[in-house]
Amino acid sequence: MIKINNLASVIIILLISIMLAYASFSGKQPEAYLFPKIITSVMIVLSSLSLVHYFFDKTKKMAEINISKLSIYLISLILFIFFGEILGFYFLTIILFLTVCYFYSEHKSFKIIIYNILITSLFMLFIYFLFSILLKVQVPRFFLF
């Protein structure tokens, strides 16, 4: 278990949000940076509200993070980065989403697995619709897709 101070994590997230906002607002093509501008602006607002909430909250306690529970997620993200070119974006996203849903679900029955497959399918349809049709942005193109 690692104990993390809430104030330190809020300030780090706020600084990361500000750096990402600076990078997105200093781009040369404003149309290409519209989505990152919106996301970073929301990140700054939410992290600022979290900082304000920290100072008004009277129960300031240390957060405990279980690294062993996060290891599955971190390992799957690393594998996603390394095998992205070989297996493709959509296929690896499905595998990553199913893996995370399976390992973090409390009950591992057949019904839960079918439910996770259904949610994953809907999530991938949403991702495809969002990037390909609405935003008209190319996802990383690999040889499978």
Side-chain angles (χ1 to χ4, degrees), residues 1-54 60-145:
M1 292 278 189
I2 294 178
K3 292 187 178 188
I4 295 179
N5 187 346
N6 288 344
L7 180 62
S9 62
V10 167
I11 290 174
I12 289 171
I13 295 301
L14 183 61
L15 290 175
I16 290 172
S17 302
I18 291 170
M19 288 188 299
L20 288 172
Y22 175 75
S24 67
F25 279 96
S26 64
K28 304 230 188 264
Q29 298 172 335
E31 301 87 24
Y33 288 96
L34 178 65
F35 189 66
K37 286 178 186 178
I38 294 170
I39 294 296
T40 54
S41 299
V42 170
M43 284 175 61
I44 288 174
V45 168
L46 291 177
S47 57
S48 299
L49 287 175
S50 184
L51 185 64
V52 168
H53 182 269
Y54 174 81
K60 299 172 184 150
K61 57 184 176 183
M62 299 288 276
E64 293 184 5
I65 298 174
N66 190 352
I67 296 296
S68 64
K69 286 185 178 180
L70 286 177
S71 65
I72 298 297
Y73 183 69
L74 295 174
I75 290 170
S76 60
L77 278 178
I78 291 169
L79 292 175
F80 182 82
I81 292 169
F82 284 121
F83 292 112
E85 198 168 331
I86 297 169
L87 298 175
F89 176 77
Y90 289 115
F91 181 71
L92 270 178
T93 305
I94 291 170
I95 298 299
L96 176 72
F97 200 83
L98 281 174
T99 303
V100 168
C101 286
Y102 179 76
F103 280 106
Y104 291 126
S105 66
E106 294 178 11
H107 308 287
K108 294 179 173 52
S109 66
F110 184 71
K111 183 179 177 182
I112 297 296
I113 292 171
I114 297 298
Y115 178 74
N116 287 339
I117 290 172
L118 178 67
I119 295 297
T120 302
S121 302
L122 291 174
F123 174 73
M124 288 311 300
L125 284 172
F126 175 74
I127 293 294
Y128 176 76
F129 181 74
L130 177 69
F131 286 106
S132 298
I133 296 172
L134 285 179
L135 295 174
K136 294 184 180 12
V137 177
Q138 235 183 20
V139 295
R141 296 288 176 190
F142 302 119
F143 73 92
L144 286 180
F145 297 98

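Residue numbers start at 1 and run along the sequence shown.
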Who pairs with F80 by ring-ring contact (aromatic ring centres under 6.0 Å, His included), at least two apart in sequence or on another chain?
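With neighbours one apart ignored, the set is empty.
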Please identify each residue that fulfils side-chain hydrogen bond (donor to acceptor under 3.5 Å, both in side chains) with T40, with sequence neighbours left out.
S24
With sequence neighbours excluded, residues passing side chain to side chain contact (heavy atoms under 4.5 Å, CB included) with [X]:
| X | value |
| --- | --- |
| L134 | F129, L130 |
| S17 | I13, M43, I44, S47 |
| K108 | Y102, S105 |
| V45 | L49 |

Distance-only criterion, 3.5 Å: show the donor-acceptor pairs between side-chain atoms of residues 114-122 and protein atoms not counting sequence neighbours.
| from | atom 1 | to | atom 2 | distance (Å) |
| --- | --- | --- | --- | --- |
| N116 | ND2 | I112 | O | 3.4 |
| T120 | OG1 | N116 | O | 2.7 |
| S121 | OG | I117 | O | 2.8 |

Candidate list I94, I75, I72, test side-chain contact (heavy atoms from CB on, under 4.5 Å), partner T99, passing option
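Exactly one pass, corresponding to I72.
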Working to the nearest 0.5 Å, report the span between OG of S71 and CD1 of I78.
10.5 Å
For Y104, does the OH atom sit with more than 12 other heavy atoms under 6.0 Å from it, leaving out its own atoms?
yes
Side chain to side chain contact (heavy atoms under 4.5 Å, CB included) between I16 and I12: does it pass, once the steps are laid out?
CA-CA 6 Å; I16 290 172; I12 289 171; 3.9 Å; yes
Please name the pair of heavy atoms, one in I127 and one in Y90, separated by the smallest distance, quoted to 0.1 Å.
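Residues I127 and Y90, closest heavy atoms: CG2-CE2, 4.3 Å.
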